[in-house]
J.: 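Pasting in a structure now, in structure tokens, and then I'll have a few things to ask.
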Amino acid sequence: KAKMEGRGTCRSFEPGMDARLQERRLLEAELALAVAQDQFVLHYQPLHDAKTSKLTGFEALVRWNHPRLGLLPPGEFIQLAEETGVIEGLGEWIMRQACADAASWPQPVKIAVNLSPAQFKQQGLPLQVASALATSNLLPSRLELEITESVLLAHNEHTIQTLHGLRDLGVSIAMDDFGTGYSSLSYLRSFPFDRIKIDRSFVSLMCESSESRAIVKAVAELGSTLGMTTTAEGVETQDQYLLVRENGCTDVQGWLFGRPMPASQLHVLFEQHAALTA
Ligand code: C2E
Ligand code: MG
Ligand code: MG
Ligand code: MG
């Protein structure tokens with residue numbers, strides 16, 4: 001097409017487009033093989049009780065240990081995995097690995113696992129989760145599944161049925177990144193979530209913005225009224241921690257408490273936790 005337009009400006013733009021397209025195709029091909037080649041790893045970020053600051057669990061966050069590009073964050077491949085269907089196998093691997101890791105922990109804290117919209121299109125999602133729980137021998141009450149508003153965007157009977165099917169296994173369900181979607185409030189009506197995770201964008205502005213403080217406070221109150229716990233995401237500073245606690249968030253997560261880390265490094269946090277609760 002650029003050739004037909006025949007302009008130098010177009011031609012000079014073309015190589016960049018080609019390179020990006022080629023890189024995407026290459027990444028796509030590599031992604032298709034990456035599950036079988038065992039290139040994914042789960043990192044775990046600690047979750048803490050806001051009042052006592054005690055460890056309550058970990059969120060599993062996937063990374064791709066890419067042979068050419070190094071450790072890639074999910075922002076660089078999850079969407080591609082969704083578009084290409086790779087997420088089905090990847091999602092199942094994540095679920096099994098997270099449950100197995102959690103079952104081996106020295107303390108029975110929670111494990112939170114993210115589910116993407118494409119995983120909800122699978123018929124057998126509750127069965128897959130049940131199988132991961134059974135194989136790992138993890139108590140269902142220790143597993144929490146996080147969904148974003150995008151799962152409910154394609155809101156239909158099947159999605160809600162699947163959520164109930166998951167809940168019936170005894171796992172809990174959290175609404176992730178709350179407040180960033182088009183219709184956050186109405187989603188709270190569609191399913192009785194156990195937890196609301198307030199998006200980092202509200203938390204990060206709390207110190208300078210009274211509007212953000214008011215929003216976090218209102219969401220925490222709403223959660224409390226609806227019987228849902230509320231986690232403040234992305235707590236990076238002591239001031240933010242004090243503010244989210246003061247405004248009613250029941251749990252906290254963020255760099256102030258710990259970055260996502262490999263499973264092999266969790267023992268340090270478990271030892272601290274054991275010392276605190278002894
Ligand atoms: P999320 O579920 O909302 O996860 C929290 C993200 O915020 C993580 O980014 C985490 O590293 C980051 N974060 C946590 N605390 C702080 C903080 O104090 N400051 C800042 N700046 N960032 C913080 P990550 O690991 O890059 O994951 C990004 C997103 O990718 C996740 O957002 C989730 O939507 C998706 N994702 C991650 N792992 C999985 C997975 O296993 N399956 C699926 N389907 N999606 C995943
Ligand atoms: Mg999450
Ligand atoms: Mg989140
Ligand atoms: Mg997020």
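Note that the coordinates shown come from a computational prediction; the quantities given were computed from them, not determined experimentally. Just so you know, ligand 1 is whichever comes first in the structure, and atom 1 is the first atom listed for that ligand. All heavy atoms count here, side chains included; hydrogens, waters and symmetry mates do not.
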J.: With heavy atoms of R200 as the reference, note each atom of ligand 1 found under 4.0 Å away.
T.: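 Numbered from 1, ligand 1 contributes 19 (N), 20 (C), 21 (N), 22 (N).
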J.: Looking at ligand 1, is there an atom of it that comes within less than 4.0 Å of some heavy atom belonging to Q253?
T.: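 In this structure, Q253 fails to qualify as a contact of ligand 1 - no heavy atom is under 4.0 Å.
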J.: Say whether G75 and ligand 1 are in contact under the criterion: heavy-atom distance to a ligand atom below 4.0 Å.
T.: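 Checking ligand 1 against G75, which is what was asked, there is no heavy-atom contact under 4.0 Å.
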J.: Can you measure from CE (M95) to CG (L138) and round to the nearest 0.5 angstrom?
T.: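 Answer rounded to 0.5 Å: 11.0 Å.
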J.: Find all atoms of ligand 1 within a distance of less than 4.0 Å from any non-hydrogen atom belonging to E236, and give their numbers and elements.
T.: 17 (C), 18 (O), 19 (N), 20 (C), 21 (N)
J.: Would you mind naming the N, O or S atom of E146 nearest to the Mg ion (ligand 2)?
T.: OE1
J.: Can you tell me how far CG of L243 sits from CD of Q238, rounded to the nearest 0.5 angstrom?
T.: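 Those atoms lie 10.5 Å apart.
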J.: List in chain and number order the residues that pass side-chain hydrogen bond (donor to acceptor under 3.5 Å, both in side chains) with S184, two or more places apart in sequence or in another chain; answer none if no residue qualifies.
T.: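 Only E149 meet the side-chain hydrogen bond (donor to acceptor under 3.5 Å, both in side chains) criterion with S184.
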J.: With heavy atoms of G254 as the reference, note each atom of ligand 1 found under 4.0 Å away.
T.: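 Listed by number with element, the hits are 15 (N), 18 (O).
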J.: May I ask you to check if R200 and F202 form a cation-pi contact, with NZ or CZ under 6.0 angstrom from the six-membered ring centre and within 45° of the axis?
T.: no
J.: Just going by heavy-atom distances, which of V62, L72, V151, I147 is nearest to atom 40 (C) of ligand 1?
T.: V62
J.: Would you compute the distance between atom CD1 of I111 and atom SG of C99 and round it to the nearest 0.5 angstrom?
T.: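 The CD1 atom of I111 sits 7.5 Å away from the SG atom of C99.
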J.: Apply the side chain to side chain donor-acceptor pair (under 3.5 Å) test between T231 and each candidate in R195, Q253, K197; give the one that qualifies.
T.: R195
J.: Decide, counting backbone as well as side-chain atoms, whether N114 has an N, O or S atom less than 2.8 Å from the Mg ion (ligand 2).
T.: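 Under 2.8 Å: N114 contacts the Mg ion (ligand 2) through an N, O or S atom.
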J.: Give a yes or no on whether the ring-centroid distance for H164 and F191 is below 6.0 angstrom.
T.: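 Judged by ring-centre distance (under 6.0 Å), H164 and F191 do meet the cut-off.
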J.: For ligand 1, which atoms sit closer than 4.0 Å to a heavy atom of D176?
T.: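 Checking each atom against D176, I get 1 (P), 2 (O), 3 (O).
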J.: Does this structure show an ion pair linking R68 with E30, if we count only N-O contacts that are shorter than 4.0 Å?
T.: yes
J.: Are any of the N/O atoms in L115 less than 3.5 Å from those in ligand 1?
T.: no
J.: For atom 46 (C) of ligand 1, which candidate among T237, L90, V235, N114 provides the closest heavy atom?
T.: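 Going through T237, L90, V235, N114 one by one, N114 has the nearest heavy atom to atom 46 (C) of ligand 1.
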J.: Decide if the gap between the ring center of F178 and the ring center of F193 is smaller than 6.0 angstrom.
T.: no
J.: For the Mg ion (ligand 3), which N, O or S atom of E233 is at the shortest distance?
T.: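 The Mg ion (ligand 3) is closest to the E233 atom OE2, counting only N, O or S.
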J.: What distance separates E233 CD from Q45 CD, expressed to the nearest 0.5 Å?
T.: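 Taking CD in E233 and CD in Q45, the distance rounds to 9.0 Å.
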J.: Given the Mg ion (ligand 2) as the apex, I'd like the angle to OD2 of D176 and OE2 of E59, rounded to 10 degrees.
T.: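 It is 180°, given to the nearest 10°.
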J.: Start with the C-alpha gap between Q22 and D18, add the side-chain angles, then the distance that decides, and say whether side-chain hydrogen bond (donor to acceptor under 3.5 Å, both in side chains) holds.
T.: CA-CA 6 Å; Q22 269 169 23; D18 270 1; 5.3 Å; no
J.: First locate atom NZ of K51, then atom SG of C249, and finally report the distance between them rounded to the nearest 0.5 Å.
T.: 12.0 Å
J.: Against ligand 1, does E59 come closer than 4.0 Å with any heavy atom?
T.: yes
J.: Flag D199 as yes if one of its N/O/S atoms falls below 2.8 Å of the Mg ion (ligand 3), otherwise no.
T.: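 No, since none of the N, O or S atoms of D199 sits under 2.8 Å from the Mg ion (ligand 3).
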J.: Applying a strict 4.0 Å limit to heavy atoms, is R63 in contact with ligand 1?
T.: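 Yes.
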J.: Show me which atoms of ligand 1 lie under 4.0 Å from any heavy atom of D177.
T.: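 Counting from 1, the qualifying ligand atoms are 3 (O).
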J.: Within the 4.0 Å heavy-atom shell around E233, which atoms of ligand 1 are there?
T.: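 Atoms satisfying the 4.0 Å criterion: 3 (O).
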J.: With rounding to the nearest 0.5 angstrom, report the CD to CG distance, E146 to D194.
T.: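 Result: 11.5 Å between the selected atoms.
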J.: Is the closest N or O pair between T148 and ligand 1 shorter than 3.5 Å?
T.: no
J.: Heavy atoms only: which of D199, L61, I87 lies closest to atom 8 (C) of ligand 1?
T.: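 Among D199, L61, I87, the closest heavy atom to atom 8 (C) of ligand 1 belongs to L61.
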J.: Just give me the atom name: the N, O or S atom of D177 closest to the Mg ion (ligand 3).
T.: OD1
